[in-house]
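Encoded as structure tokens, the structure appears first; notes follow it.
Everything quoted here is computed from the prediction, not taken from an experiment. Below, read A as the first sequence line, B as the second, and so on, with proteins coming before strands; counting in each chain starts at 1.
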2 protein chains.
Amino acid sequence: MGKRPRAVEGENLWDEITALKRERILGEAVELFYRKGYLPTSVDAVAERLGATKPFVYYHFKSKVDLLVEICERGTREALAVIAAAVALDLGPQEKLERLVRDFTAVVLDHHKLVAIYFREQLNLPEEAAARIAAMRRDIDHHLRALLAEGREAGVFRFDNLAVASLIVAGMVSYAFAWYRESFSVPREEIADTMVAHVLRSLGAEPLARVGAAQR
Amino acid sequence: MGKRPRAVEGENLWDEITALKRERILGEAVELFYRKGYLPTSVDAVAERLGATKPFVYYHFKSKVDLLVEICERGTREALAVIAAAVALDLGPQEKLERLVRDFTAVVLDHHKLVAIYFREQLNLPEEAAARIAAMRRDIDHHLRALLAEGREAGVFRFDNLAVASLIVAGMVSYAFAWYRESFSVPREEIADTMVAHVLRSLGAEPLARVGAAQR
DNA sequence: CCAGGATTATACTGATTAGTATATTATTCA
DNA sequence: TGAATAATATACTAATCAGTATAATCCTGG
């Protein structure tokens, strides 16, 4: 590049270029962290995949761990966003949960690499970032628990232990990061449908007619 | 130690001592790998926790990665063992599944550190060990799928997609490694009961009266 | 009580790699 | 055109650590 032209008004081309560079760096980092792990991936390797060198990466990111933080934070933030949106809907508990599970599943599948990296590399996060992300996960957990409690009180859901039930439900969906691949034979929509059906039934709710009816 | 006395007949004290040393080394490795991760844990650190030094560890294990292999293999082997035992029972699909989920959950909780380490550190396993463990996981998956298929054909279970259903069920149980701690407030027995209830219901089977009846 | 193998420690090597100091190039504005 | 500055590269440093060569011990049988 060269001297940056004076900013005209807010967003200009150079901000976009810089943002693009950051995204490309992050993208290659995701690939390598996902396939080889965070620690075994050298910053040189990330740069090389971009046809650049290490200082290029360090010009755009303060440190290697910042790449990891950004990756881990993104996945969690997206999940929290759709979950918070679902519980805020003006619907009954079952409809809200259905929406929550469907959207949450979509996030886990779409960002399965981010989620996998987060689960694997949690320990390599700096204290402060780990705390921030843990707080988001707590929020997710609270939303889910509150919704399950609401549904149970309304007589829609049936289960014994709220804390465990909520962890089990979270596990059903989250765990998809461990088996989902781009090449997976079943389309995402169908996975989400199946997930909704299983979650609802595991909570003693009758799934709506649309899902869980026919056998394949 | 010193010169090893002549072996008397099979098991003698020295074999037991050697086995104990290996176990203690492995135990400390589990603690450190679990809390800090495999790569950030130095062999020196493992030795230090035993009041010994690095060559002590290398005398009993060929390499650092052998520790990891042993840890990962153990958890998976135990899980496969109880699952294979459950599906081999001479019972109906629902009873077999109940047993499978209960015992599988117990293994995951009892060995949650091993399971957590395996999930995190898979990528650091040497090719050959990774393949051996992957084969065990495939066996687990096949057992579970076969049992679900059997139950569906018998009209006991209802679900759409066999492959996805089986992954979801496996996830409900396995994912406990991510949230279970020794300090967890709910006793293991109750977690296992809850797990059984949720799995059975998620498959459209009515849980037996004993579980899932009362609300707390 | 000594010989010899089993066991453990001290001290080193070699490789990797995050991060940086410094040089270089590219681009724009005056 | 020529500062001035943004962007990128080259080349280095410092730290870490797996693994090992070698030395020191320690037990046990004879």
Sorted by number, the residues of residues 23-38 of chain B with heavy-atom contact under 4.0 Å to DNA chain C: none
Residues in ring pair (Phe, Tyr, Trp, His ring centres under 6.0 Å) contact with B:His112, at least two apart in sequence or another chain: B:Tyr34, B:Tyr180
Near-strand residues of residues 41-63 of chain A, defined as heavy-atom separation under 4.0 angstrom from DNA chain C: A:Thr41, A:Ser42, A:Val43, A:Lys54, A:Pro55, A:Tyr58, A:Ser63
Atom-pair distance (CG on A:Leu68; P on C:dA18), nearest Å: 13 Å
B:Arg138: partners by salt bridge (charged side-chain N to carboxylate O under 4.0 Å, His left out), with sequence neighbours left out: none
Where at least one partner belongs to residues 36-49 of chain A, residue pairs that pass salt bridge (Lys or Arg N to Asp or Glu O under 4.0 Å), sequence neighbours excluded: A:Glu28-A:Arg49, A:Asp44-A:Lys54
A:Tyr59: ring pair (Phe, Tyr, Trp, His ring centres under 6.0 Å) partners, not counting sequence neighbours: none
Value in whole Å for how far the P atom of D:dA7 lies from CG of A:Leu20: 14 Å
Donor-acceptor contact below 3.5 Å, side chain A:Arg188 vs main chain A:Ala106: no
Pairs flagged by side-chain hydrogen bond (donor to acceptor under 3.5 Å, both in side chains) wherever residues 72-83 of chain B is involved - sequence neighbours left out: B:Glu23-B:Arg74, B:Glu70-B:Arg74, B:Glu73-B:Arg132
Length of the CG-C1' vector between A:Leu39 and C:dT16, whole Å: 13 Å
Contacts of type ring pair (Phe, Tyr, Trp, His ring centres under 6.0 Å), residue A:Tyr118, not counting sequence neighbours: none
A:Phe33: partners by ring pair (Phe, Tyr, Trp, His ring centres under 6.0 Å), with sequence neighbours left out: A:Tyr38
